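To keep things clear, I will list the structure first and then write my remarks on it.
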Amino acid sequence: MKKTFYITTPIYYPSGKLHIGNSYTTVFCDTLNRYKKLRGYDTYYLTGMDEHGQKIETVAKELGRDPQQHVDLIAADTKKLWQLLDIEYDDFIRTTEDRHETVVADIFEQLLGQDDIYLGHYEGHYCIHDESFFTETQLEDGNLCPDCGRPTKLVKEESYFLRLSKYEDWLLEFIEQNPDFITPETRKNEVVAFIKSGLQDLSVSRTSFDWGVKVKSNPNHVVYVWIDALSNYITALGYGSKDTTLYDKYWKGDEVIHVVGKDILRFHAIYWPIMLKALGVPVTFKLYAHGWYMMKDGKMSKSKGKVVYPDDLVPKYGLDAMRYFLLKEIPYSGDGVFTPEDFVARINYDLANDFGNLLNRTINMINKYFDSKVTKPAKSYFEVDQELKDKITETIELYRSDMDELKVSSAILNLWSLISRTNKYIDETMPWVLAKDESKRDELNSVLYNLVEALRHIGVLLRPILVDASEELFAQLKIPATLRTWDALSFGLLEDVTVTDNPVPLFPRLDKKQEEAFIKDLLNQKKQKVKQEEAKPKEEAFITIDDFAKLELVVGLIKDCKAHPNADKLLVSQVDTGDRVRQIVSGITKYYTPDDMIGKKVVIVKNLKPVKLRGELSEGMLLAGSNKKTLEVIELNDLNPGDKIS
Ligand code: ME8
């Protein structure tokens with residue numbers, strides 16, 4: 001039976017567009033997942049979105065969106081981004097899905113029932129951005145969040161607590177007995193020091209907002225977003241549902257890896273194992289916390305416009321250039337920096353010069369000297385042949401151990417060392433000199449064969465990293481499918497081969513100055529945009545009567561209304577707006593049943609661009625007033641469908 005491998009990214013907050021930092025985690029996991037597939041594992045790759053919490057509710061409000069509508073839009077954009085980066089995930093979980101919400105509510109009840117969660121009062125400082133509580137002593141400059149520097153809010157409310165303190169000794173012992181539970185070592189040390197400083201029980205519910213999973217036995221409370229979010233790693237596998245096949249297979253399987261950024265280490269290394277232990281779920285995972293992508297002048301920051309988006313770069317420079325840069329520049333236990341100069345240099349030096357050119361030169365020589373065909377030589381002619389073969393064997397070993405230890409950037413460095421060695425082999429054997437001597441045809445053929453074999457091995461090892469270029473390499477060299485596999489990593493398996501007579505360079509060299517300027521300009525534009533926004537006088541917040549006139553507001557009669565088939569917060573109404581009956585989706589189930597809605601004459605924004613909300617078309621919007629406690633649909637009972645409102 002195949003060994004199993006389950007890998008997860010963090011689930012991303014849909015607070016905005018995802019940048020190269022978040023994309024790094026996803027590409028990194030995709031690479032490891034492809035590697036394990038190459039090694040013959042039965043793999044499962046999970047990613048998704050963390051859609052609840054005060055931060056998302058606030059962001060949606062600022063954008064004038066209903067939270068569900070907002071998270072639907074960002075989830076759709078995120079899926080597009082993963083498509084662009086060719087991420088082969090098996091599941092994309094969203095915490096607003098029923099399959100997740102029901103299990104989270106059950107998990108909470110179980111922990112409550114067994115007294116691992118208890119009701120108390122919380123008073124503390126909350127950072128909405130990080131969805132984290134801090135004590136007074138942890139704050140900076142009186143009131144600022146120690147993680148992100150934003151002002152915190154003093155929160156005083158009834159709250160449920162998770163008994164972290166009860167599991168402190170167990171967790172320390174667990175970490176000691178499983179030395180590779182948290183990697184790299186430095187991160188493990190941070191966690192151990194934190195636990196040893198004493199774990200306080202964790203506030204795990206909120207009452208001041210309601211965009212989240214309600215506590216079943218006390219719906220005034222919403223489950224703390226991190227308890228909700230962490231559970232995704234098992235709810236996605238069907239834990240707590242009727243069908244636990246995936247959970248049994250992958251969670252209890254051979255390897256489970258959570259990859260996270262260093263900023264969310266504590267949640268994964270402390271809260272999550274304690275939750276699992278309390279639930280009686282085996283703690284099977286290993287945690288890897290990676291460093292961050294920085295800009296030259298510090299942290300990436302959307303609000304300051306210091307940010308790079310993959311969808312600005314991939315269409316111009318290609319998928320593999322982006323993947324290569326991301327994977328290479330963050331070392332195993334440190335941060336990486338994005339600069340336009342480095343990005344262009346990686347493409348020009350590593351991809352175009354070293355790798356692409358090696359393939360292109362090899363094929364051109366085979367075409368020129370042997371009419372596209374090389375044959376397997378009967379023997380070795382040069383001493384350096386053995387050196388090349390040894391280097392290949394050594395690289396496979398290093399690559400294997402690096403990838404098994406999640407050291408992707410190191411695997412890339414070792415692979416490029418083999419590429420350099422192969423280039424050097426051309427300089428040493430000088431095929432152009434051999435070509436001048438008719439009696440050296442066999443030697444020349446053997447050199448070119450060895451180059452193709454080296455490239456074939458490089459191609460196999462590149463498959464998880466450069467997903468298009470490795471395919472292209474195999475296609476240009478016309479390597480049979482059976483020799484593109486991990487098991488075929490053995491020098492000399494290739495018999496005669498006829499390469500393409502029309503090689504296309506994989507990575508054309510870029511004009512350094514021009515492209516650096518292009519990327520710099522891109523980055524500057526983002527900063528400019530933020531500056532312009534900030535500089536806008538307050539008056540510009542007004543709209544003119546002409547702006548208002550753009551809204552087509554009419555009376556609509558609700559002829560029919562049903563619950564949304566895939567979202568328990570949404571209603572789907574059929575509304576007569578005078579001209580025709582249109583379908584409108586609204587997030588009002590908390591306040592109205594379908595029956596309440598039928599027959600109401602309401603205010604409709606008729607010319608709102610139609611969108612699909614969880615698969616249902618919504619052609620307009622229904623207006624309502626709301627505050628924290630309630631929501632009321634606006635009704636105009638003495639008017640008729642289609643009557644204008646101004
Ligand atoms: O933390 N470089 O979501 P998130 C590298 N929803 N990685 C970066 C980065 C950068 N510049 N910026 C962010 C959350 N990241 C929670 C996770 S999991 C149960 C819940 C990484 O969208 C960050 O370290 O804020 C984290 O691993 C991931 O992006 C998601 O961040």
Side-chain angles (χ1 to χ4, degrees), residues 7-29 46-56 59 71 74-75 77-78 81-82 85 92-96 100 104 107 127-132 145 147-148 150 187 211-213 223-236 256-273 275-276 285 287-304 306-310 325-339 408-409:
I7 189 161
T8 66
T9 70
I11 47 174
Y12 301 100
Y13 286 130
S15 32
K17 211 171 138 157
L18 300 196
H19 51 59
I20 59 164
N22 321 112
S23 303
Y24 168 69
T25 322
T26 316
V27 171
F28 181 88
C29 290
L46 174 71
T47 187
M49 305 299 287
D50 186 359
E51 300 186 332
H52 288 132
Q54 197 167 1
K55 171 156 83 172
I56 303 309
V59 170
V71 297
I74 305 278
D77 277 355
T78 307
L81 176 62
W82 300 155
L85 292 170
F92 186 98
I93 183 136
R94 301 178 53 192
T95 54
T96 52
H100 174 78
V104 169
I107 285 177
C127 171
I128 297 178
H129 180 265
D130 290 322
E131 300 278 15
S132 280
C145 167
D147 283 350
C148 71
R150 292 178 173 79
R187 306 278 179 227
W211 181 240
V213 178
V223 176
Y224 175 43
V225 65
W226 271 101
I227 298 294
D228 175 354
L230 288 163
S231 308
N232 92 88
Y233 300 129
I234 54 176
T235 62
V256 180
I257 312 272
H258 293 322
V259 178
V260 301
K262 60 181 182 180
D263 54 319
I264 53 174
L265 172 66
R266 202 186 347 140
F267 303 95
H268 286 82
I270 300 175
Y271 305 166
W272 182 224
M275 276 173 71
L276 292 170
F285 71 88
L287 183 64
Y288 169 62
H290 63 68
W292 268 34
Y293 262 108
M294 311 291 279
M295 303 299 277
K296 227 188 211 155
D297 49 353
K299 268 191 177 178
M300 257 198 276
S301 156
K302 279 185 209 167
S303 57
K304 292 182 187 144
K306 288 196 318 192
V307 60
V308 186
Y309 296 110
F325 184 88
L326 288 178
L327 295 170
K328 163 114 197 300
E329 294 292 303
I330 290 195
Y332 179 62
S333 56
D335 292 329
V337 181
F338 179 93
T339 66
V408 176
S409 67

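As the structure lists them, so they are numbered: ligands from 1, and atoms in each ligand from 1. Note that the structure is predicted; figures quoted are calculated from it, not measured.
When each atom of ligand 1 is checked for a heavy atom of His290 under 4.0 Å away, the hits are 5 (C), 7 (N). Close approach of ligand 1 to Ala229 is summarised as follows: ligand atoms under 4.0 Å from at least one heavy atom of the residue are 19 (C). Near Met300, meaning under 4.0 Å from one of its heavy atoms, ligand 1 places the atoms 11 (N). Within ligand 1, counting atoms from 1 as listed, the ones closer than 4.0 Å to a heavy atom of His268 are 18 (S), 19 (C). Those atoms of ligand 1 with a heavy atom of Asp50 less than 4.0 angstrom away are 6 (N), 16 (C), 20 (C). Remark: ligand 1 atoms within the under-4.0 Å shell around heavy atoms of Tyr293 are 2 (N), 5 (C), 10 (C), 11 (N). Near Gly291, with a cut-off below 4.0 Å to any heavy atom, the atoms of ligand 1 are 5 (C).
Look at Glu51 and Arg94 and you find a salt bridge, because one of the NZ, NE, NH1 or NH2 atoms lies within 4.0 Å of a carboxylate O, short of that distance.
The N/O atoms of Lys262, backbone and side chain alike, include none that comes under 3.5 Å of an N/O atom in ligand 1. Some N or O of Trp292 is nearer than 3.5 Å to an N or O of ligand 1, by distance alone.
Distance check: Met300 CE to Phe338 CZ gives 9.0 Å after rounding to the nearest 0.5 Å.
In terms of heavy-atom proximity, Pro10 sits nearest to Val259 at CD-O, 3.1 Å.
Protein heavy atom at the shortest distance from atom 13 (C) of ligand 1 is Asn22 ND2, 3.5 Å. The nearest heavy-atom contact from the protein to atom 30 (C) of ligand 1 is Tyr12 CD2, 3.4 Å. For atom 17 (C) of ligand 1, the closest heavy atom belonging to the protein is Ile11 O, 3.2 Å. Looking from atom 27 (O) of ligand 1 to the surrounding protein, the closest heavy atom is Gly261 N, 2.8 Å. Atom 10 (C) of ligand 1 has as its closest protein heavy atom Gly21 CA, 3.4 Å. Scanning the protein for heavy atoms near atom 24 (O) of ligand 1, the closest one is Asp263 OD1, 2.4 Å.
For Trp226, every heavy-atom contact with ligand 1 shorter than 4.0 Å involves the side chain, none the backbone. Contacts between His19 and ligand 1 below 4.0 angstrom, taking non-hydrogen atoms only, involve the side chain exclusively.
Looking at Tyr12, its side chain never comes within 3.5 Å of a backbone N or O of Ser23 through a donor-acceptor pair. Without hydrogens or angle criteria, Lys306 side chain to Asp297 main chain gives a donor-acceptor distance under 3.5 Å. With Lys55 contributing its side chain and His129 its backbone, the two residues share a donor-acceptor pair below 3.5 Å. A donor-acceptor pair is defined here as one N or O able to donate and one able to accept, closer than 3.5 Å; no such pair exists between the side chain of Gln54 and the backbone of Glu131. Counting only distance, with no hydrogens or angles, the side chain of Asp50 and the backbone of Tyr13 share no donor-acceptor pair below 3.5 Å.
Other residues, nucleotides and ligands contribute more than 12 heavy atoms inside 6.0 Å of the NZ atom of Lys262. Counting non-hydrogen atoms of neighbouring residues, nucleotides and ligands closer than 6.0 angstrom, the NZ atom of Lys302 exceeds 12 such neighbours.
Aromatic rings of His268 and Tyr233 (six-membered ring for Trp) have centroids within the 6.0 Å cut-off, being under it.
When the heavy atoms of Tyr13, Trp272, Tyr233, Tyr271 are ranked by distance to atom 18 (S) of ligand 1, first place goes to Tyr233. The closest heavy-atom contact to atom 26 (C) of ligand 1, among the options Thr8, Val308, Ile264, comes from Ile264.
Thr96 is listed as a side-chain neighbour of His52, based on a closest heavy-atom distance under 4.5 Å.
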